[in-house]
Amino acid sequence: MVKIAVMGHGVVGSGVVEVFYKNRESIQKKADCQMDIAHILDLRDFPDSPYKEKFTKSFDDIINDDEVKIVVEVMGGVNPAYDFVKRCLLKGKSVATSNKELVATKGAELLKIAGETGTNFLFEASVGGGIPILRPLSQCLAANDIIEIDGILNGTTNYILTKMIKEQVAFSDALKNAQELGYAERDPSADIEGADACRKICILASLSYGKHVYPDEVYTEGITKISLTDVAYAESMNSVIKLIGRSKKLKNGKVTATVYPAIISKDCQLANVDDVYNAVCVKGDAIGDVVFYGKGAGKLPTASAVVADVIDCAKHIHARKLINWEDRSDDYVEEYKNDVLSKYIRMTSNDIESLKNSLKQQFNDIQFLTLKDADENEIAFTTGELMEKVIDEKLSAVADMGEIVSSIRILNI
Ligand code: HSE
């Protein structure tokens with residue numbers, strides 16, 4: 001009998017227990033062993049739970065139970081999750097987690113400990129919720145050199161942007177709705193300011209390129225400044241605005257890693273990924289483009305990935321299943337302003353004609369956009385492709401002639 005402990009009984013934790021007991025028979029068959037949940041750690045009381053006798057408020061009950069071989073960490077946050085997970089791995093217990101903040105900030109260290117103690121540290125649910133992405137990246141695509149990853153990695157912001165694009169719903173109402181549906185993080189700023197997607201692109205980049213990319217190295221911008229006017233201008237370009245996590249391997253050995261709202265053509269596969277769905281487009285040198293698509297948030301989709309990791313841990317109790325990357329401290333992540341792209345800019349000015357003339361002098365390749373009912377003191381345009389820092393220099397040259405109210409990068413994915 002393999003005993004499991006589940007740390008955290010929130011949305012994902014309760015989903016893990018539900019999925020485990022609902023499908024226990026087939027899960028045991030797939031794991032080729034008998035399994036049971038011995039402890040559920042949470043500081044809250046759950047007197048009505050059918051599993052109430054399994055609840056504990058003390059981590060000691062888990063760490064001191066030598067029969068517990070697999071620990072599920074679904075508490076979220078770095079503290080105390082980091083300390084608990086580290087102690088479990090050091091004590092020879094494998095860990096399955098959905099905690100992207102933990103993996104993005106401490107992944108290299110925890111993977112190293114797992115390697116040293118012959119345990120497994122698996123985190124399929126940390127990126128894309130229920131979408132199988134980390135296993136395919138590390139196993140099925142192992143023969144490829146990964147060139148680029150582009151993803152819609154946050155369900156909450158994709159839900160909000162979809163509401164804005166398809167129903168012209170205001171940002172705050174759409175956010176409230178996403179929270180009610182259980183998609184948002186406890187602190188929704190992690191979703192709307194891009195931190196959640198940032199953690200996920202860190203994990204994807206670390207796994208794809210073999211070296212840890214840390215969240216503070218990733219230029220991150222959320223969707224709070226996106227307005228319905230920008231959505232309408234994007235529509236006029238036959239495009240949509242999506243929050244894109246992106247990482248590329250460069251010829252100089254470095255990588256790029258960014259998260260920001262981007263205008264993408266409706267012809268791009270990611271443009272049609274709506275609501276809480278996530279999608280990750282991986283470009284490999286042998287396979288070309290592969291797109292992974294599915295529910296990126298929510299109780300049961302995320303639990304589905306966590307329980308799959310538990311099965312994998314059970315099957316590999318005495319054998320390590322390789323998923324790995326190295327730690328590093330060198331100058332590895334390229335400055336985002338060196339990336340070549342074009343930008344959509346919206347400006348206000350009291351003298352639109354003079355501003356337009358100055359912009360034409362700055363940018364050889366500029367397209368002015370039109371919108372029915374646009375404000376007469378407003379101008380919107382797209383630049384040609386240039387290094388981002390060059391675009392910004394050219395815009396600084398006209399700074400005294402108007403004010404930039406929106407600036408959104410345009411990506412060809
Ligand atoms: N808040 C996250 C999202 C949950 O909306 O995608 C899944 O990581």
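Just so you know, ligand 1 is whichever comes first in the structure, and atom 1 is the first atom listed for that ligand. Start at 1 with the first residue, then count along the sequence.
Scanning both residues, L161 and K242, for their nearest heavy atoms gives CD1-CA, 3.8 Å.
For atom 5 (O) of ligand 1, the closest heavy atom belonging to the protein is T156 OG1, 2.6 Å.
The proximity of D196 to ligand 1, defined as any non-hydrogen pair under 4.0 Å, is limited to the side chain.
Backbone and side-chain nitrogen or oxygen atoms of N278 are examined, and none is located within less than 3.5 angstrom of a nitrogen or oxygen of ligand 1. Geometrically, ligand 1 and A297 share no nitrogen or oxygen pair separated by less than 3.5 Å.
Near G155, meaning under 4.0 Å from any of its heavy atoms, are these atoms of ligand 1: 3 (C), 5 (O), 6 (O). The distance from ligand 1 to the heavy atoms of D191 drops below 4.0 Å at these ligand atoms: 1 (N), 2 (C), 3 (C), 5 (O).
With respect to K295 and D275, no salt bridge is recorded, no charged nitrogen being found less than 4.0 Å from a carboxylate O. Look at K389 and E393 and you find no salt bridge, because none of the NZ, NE, NH1 or NH2 atoms lies under 4.0 Å from a carboxylate O. At a threshold of 4.0 Å, the pair K93-D65 does not count as salt-bridged, since none of the basic side-chain nitrogens sits closer than that to a carboxylate oxygen.
Using a 4.0 Å heavy-atom cutoff, G296 is listed among the residues neighbouring ligand 1.
For S138 (side chain) and I323 (main-chain N/O), no donor-acceptor pair under 3.5 Å exists by modelled atom type.
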